[in-house]
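Contents: one structure, followed by commentary.
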Number of protein chains: 2
Amino acid sequence: MTIRIKVSHMATVGIRTTKQRTAVAEALTELDDFRSTQEIHEYLRERGDSVGLATVYRTLQSLSAAGDVDVIVREDGESVYRLCSEAHHHHLVCRKCGFTVEVEGPAVERWAESISTTHGFTQVSHTFEIFGLCPNCS
Amino acid sequence: MTIRIKVSHMATVGIRTTKQRTAVAEALTELDDFRSTQEIHEYLRERGDSVGLATVYRTLQSLSAAGDVDVIVREDGESVYRLCSEAHHHHLVCRKCGFTVEVEGPAVERWAESISTTHGFTQVSHTFEIFGLCPNCS
DNA sequence: GACTTAATGATAATGATTGTCAAATGCAAT
DNA sequence: ATTGCATTTGACAATCATTATCATTAAGTC
């Protein structure tokens, strides 16, 4: 028997719904590809729902902590965010335009899991992303 | 028939051997785990072979471009370097102390390759790293 | 040794991210 | 609705890694 706790809902305790957070969430639904915090901030500004940069940072962080958005650390060290579907998965991301293909690899998950436990590691997380140039940008 | 070109040797054309580059290379052989540029710079300073920070950055970059060192972009966006063995592989890295286990996953490589070509991506590179706490740091 | 050119290093500049804190606001209870 | 209060916001400063600049130094070649 397994007990499951929805962490994203736990995190919601004491968390308020503000127009800024709503705006960030909306931006994420409207933007399809992975975007940086600054891009999302700029997008909101152009859209008329200007939100402070620090707030966008904070909101994206809490959303990712809650598991509601995916984060990828690009090769240059910058973090980019995207709304995620429920399942765990990885990405094929265009270095130039950000176009993203979602990919799944259950075998990779299992492999990462077994490797970690074999070596006695705890609190593990793994990253597996493929970067390249999409057909349009090639 | 396949033609192989050692890129690392091509890159060596017009490249000079300086005491700074030698020092960085030595530091890498002495340090076993993944280290940041700043850590390597500090290590050299304490060791007596002080090398300018900018030079350490440049040297690590060119070494990684030549494929002589491995780079991992940590979850916080900072790049860490380590001398690499010849084969392509991935890592299980301790978030706290940097202890690293080298792992190989030919299946993962092939999978990344096929996914990329299926979607028409070019100039692909992939990252697959596992972060966690090693037995000692747990 | 002289020359040419790449490399170095001190420092400034950049750029993303985080910290600060007074002012604004969501929300629950009245 | 209004009050009370803790959370959130936002403008700005601060931090931190990385990159650019550029005058000076030093490899490697003749």
Side-chain angles (χ1 to χ4, degrees), chain A residues 8-27 34-66 68-69 71-82 95 98, chain B residues 8-27 34-66 68-82 93 95 98:
Chain A
S8 62
H9 288 175
M10 289 179 64
T12 303
V13 175
I15 300 285
R16 295 176 182 173
T17 308
T18 65
K19 73 167 75 75
Q20 289 86 345
R21 285 178 182 157
T22 305
V24 171
E26 279 177 23
F34 278 91
R35 305 291 180 174
S36 70
T37 307
Q38 314 249 6
E39 284 171 339
I40 292 169
H41 170 254
E42 176 61 18
Y43 176 79
L44 287 170
R45 207 185 54 66
E46 290 175 354
R47 195 167 167 284
D49 298 311
S50 202
V51 174
L53 181 57
T55 300
V56 180
Y57 270 102
R58 285 183 294 236
T59 303
L60 289 173
Q61 276 171 197
S62 61
L63 284 174
S64 81
D68 295 324
V69 302
V71 196
I72 287 183
V73 179
R74 274 195 319 217
E75 293 163 315
D76 66 355
E78 189 172 1
S79 296
V80 287
Y81 302 84
R82 196 183 92 149
R95 254 190 291 265
Chain B
S8 61
H9 288 176
M10 291 179 62
T12 303
V13 174
I15 300 285
R16 295 175 183 174
T17 307
T18 67
K19 75 168 70 77
Q20 288 87 344
R21 283 177 184 158
T22 304
V24 171
E26 279 176 23
F34 279 90
R35 305 289 180 176
S36 70
T37 307
Q38 314 248 7
E39 285 171 339
I40 292 169
H41 169 255
E42 176 63 14
Y43 175 79
L44 288 169
R45 203 183 57 66
E46 290 175 355
R47 195 168 167 283
D49 299 311
S50 202
V51 174
L53 181 57
T55 300
V56 180
Y57 270 103
R58 282 182 295 235
T59 303
L60 289 173
Q61 276 169 198
S62 61
L63 284 175
S64 80
D68 296 324
V69 302
D70 280 340
V71 196
I72 287 183
V73 178
R74 274 195 320 218
E75 294 162 315
D76 67 355
E78 190 171 1
S79 296
V80 288
Y81 302 83
R82 197 183 91 149
V93 185
R95 254 190 290 264

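Chain identifiers are assigned alphabetically (A, B, ...) following the order of the sequence lines, protein sequences preceding nucleic acid strands; residue numbering begins at 1 within each chain.
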Side-chain heavy-atom pair [X], [Y] within 4.5 angstrom cut-off:
X       : Y       : value
A:Ile40 : A:Leu60 : yes
A:Arg47 : A:Glu26 : yes
A:Arg35 : A:Val80 : no

* How large an angle, rounded to 10°, do the end axes of the helix from C:dG1-D:dC30 to C:dT30-D:dA1 enclose when each is built from five base pairs? ->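 The end-segment axes of the helix from C:dG1-D:dC30 to C:dT30-D:dA1 are tilted 40° relative to each other.
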For the atom pair [atom1] ([X]) and [atom2] ([Y]), what is the distance rounded to the nearest 0.5 Å?
X       : Y       : atom1 : atom2 : value
B:Arg95 : B:Asp76 : CZ    : CG    : 11.0 Å
B:Ser79 : B:Ile72 : OG    : CD1   : 10.0 Å
A:Thr59 : A:His41 : OG1   : NE2   : 11.5 Å

* Is there a donor-acceptor contact under 3.5 Å from the side chain of A:Glu39 to the main chain of A:Ser36? ->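 Yes, A:Glu39 side chain to A:Ser36 backbone: donor-acceptor pair under 3.5 Å.
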Distance, rounded to the nearest Å, where [X] contributes [atom1] and [N] contributes [atom2]:
X       : N      : atom1 : atom2 : value
A:Leu63 : D:dT8  : CG    : C1'   : 14 Å
A:Leu60 : D:dT9  : CG    : C1'   : 15 Å
A:Glu39 : C:dG15 : CD    : P     : 14 Å
B:Arg45 : C:dA10 : CZ    : C1'   : 15 Å
A:Asp49 : D:dG10 : CG    : P     : 11 Å
B:Leu44 : C:dT8  : CG    : P     : 12 Å

* To do: Identify, with sequence neighbours excluded, every residue that meets side chain to side chain donor-acceptor pair (under 3.5 Å) alongside A:Thr55.
  =>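 Applying side chain to side chain donor-acceptor pair (under 3.5 Å) to A:Thr55 gives A:Arg58.
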* **For A:Ser62, all residues meeting side chain to side chain donor-acceptor pair (under 3.5 Å), sequence neighbours excluded** =>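 Checked A:Ser62 against side chain to side chain donor-acceptor pair (under 3.5 Å); zero matches.
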* Where protein sits on nucleotides 24-30 of chain C, one letter per nucleotide: B base, S sugar-phosphate only, - none, heavy atoms under 4.0 Å -> -BBS---
* Would you give a per-nucleotide map of nucleotides 11-25 of chain D, 5' to 3', where B means the base has a protein non-hydrogen atom under 4.0 Å away, S means only the sugar-phosphate does, and - means neither? => B-----SBBBB----
* **Partners passing salt bridge (charged side-chain N to carboxylate O under 4.0 Å, His left out) against B:Arg21 (at least two apart in sequence or in another chain)** =>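 Result, salt bridge (charged side-chain N to carboxylate O under 4.0 Å, His left out) vs B:Arg21: none returned.
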* Check: B:Tyr57/B:Gln38 side-chain N/O donor and acceptor closer than 3.5 Å ->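 Yes, a side-chain donor-acceptor pair sits under 3.5 Å.
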